[in-house]
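From a predicted model like this one, the values you see are computed outputs, not experimental measurements.
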Amino acid sequence: FGRVGARDVVTRTFLVRNTGDAPLTISRAYTTCGCTTANISASVIPPGQAATVELIFDAGFHDAAGQTVRRGVILENNDPEQPQGEIWVQADVATN
């Protein structure tokens with residue numbers, strides 16, 4: 001996210017593409033901290049298609065002023081070769 005204010009709420013959208021030949025099912029998605037939420041546009045992604053993951057970080061959720069924080073979302077899925085996908089973001093939280 002780069003540099004954000006101590007009370008900013010920032011959002012980024014990521015694309016998750018299914019490059020396999022069977023539907024990709026996301027069975028569970030969870031974030032690494034309560035200050036971060038994730039919205040996924042689809043829990044089943046057909047082969048060759050994509051879904052969006054909107055990641056929302058609330059810098060004012062805790063007192064993170066003056067810190068660099070790293071947060072993520074874990075996507076549990078039915079891919080036998082990679083049963084957990086991860087998306088990580090980092091923010092440099094200003095002091096005011």
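Residue Ala59 comes nearest to Gly5 through the heavy atom pair CB-O, 3.3 Å, listed as atom of the first residue, atom of the second, then distance. Nearest heavy atom pair, residue Thr11 against residue Phe1, reads C-CE2, 3.9 Å. The two residues Ala91 and Phe57 have their closest heavy-atom pair at CB-CE2, 3.8 Å. Across all their heavy atoms, Gln82 and Gly85 have their closest contact at NE2-CA, 4.1 Å.
Under the salt bridge (charged side-chain N to carboxylate O under 4.0 Å, His left out) criterion, no residue pair touches residues 63-74, with sequence neighbours excluded.
Under the 4.5 Å side-chain heavy-atom criterion for grouping Ile, Leu, Val, Met, Phe, Trp and Tyr, Val69 is connected to Val89 within one hydrophobic cluster. Note on Val4 and Ile87: same hydrophobic cluster, where clusters join Ile, Leu, Val, Met, Phe, Trp and Tyr whose side-chain heavy atoms are under 4.5 Å apart, directly or indirectly.
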Please list every donor-acceptor pair under 3.5 Å in which a side-chain atom of residues 40-54 meets a protein atom from a residue at least two apart or in another chain.
residue, atom, partner, partner atom, Å
Ser41, OG, Thr52, N, 2.9
Ser41, OG, Thr52, OG1, 3.4
Glu54, OE1, Asn39, ND2, 3.0

Which atom pairs, one a donor and one an acceptor, fall under 3.5 Å between side chains of residues 23-31 and the rest of the protein, sequence neighbours left out?
residue, atom, partner, partner atom, Å
Ser27, OG, Glu76, O, 3.4
Arg28, NH1, Glu76, OE2, 3.3
Thr31, OG1, Cys33, O, 3.1
Thr31, OG1, Thr36, O, 2.8

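Side-chain contact between Val73 and Leu55: present, with at least one pair of heavy atoms (C-beta onward) separated by less than 4.5 Å.
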Check against side chain to side chain donor-acceptor pair (under 3.5 Å), Trp88 and Glu86: CA-CA 6 Å; Trp88 291 93; Glu86 301 177 1; 2.9 Å; yes

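Panel note: side chain Asn18, backbone Gly20; a donor-acceptor pair is recorded below 3.5 Å. A side-chain donor-acceptor contact under 3.5 Å links Asn77 to the backbone of Leu75.
More than 12 heavy atoms of other shown residues, nucleotides or ligands fall within 6.0 angstrom of atom CZ in Arg12.
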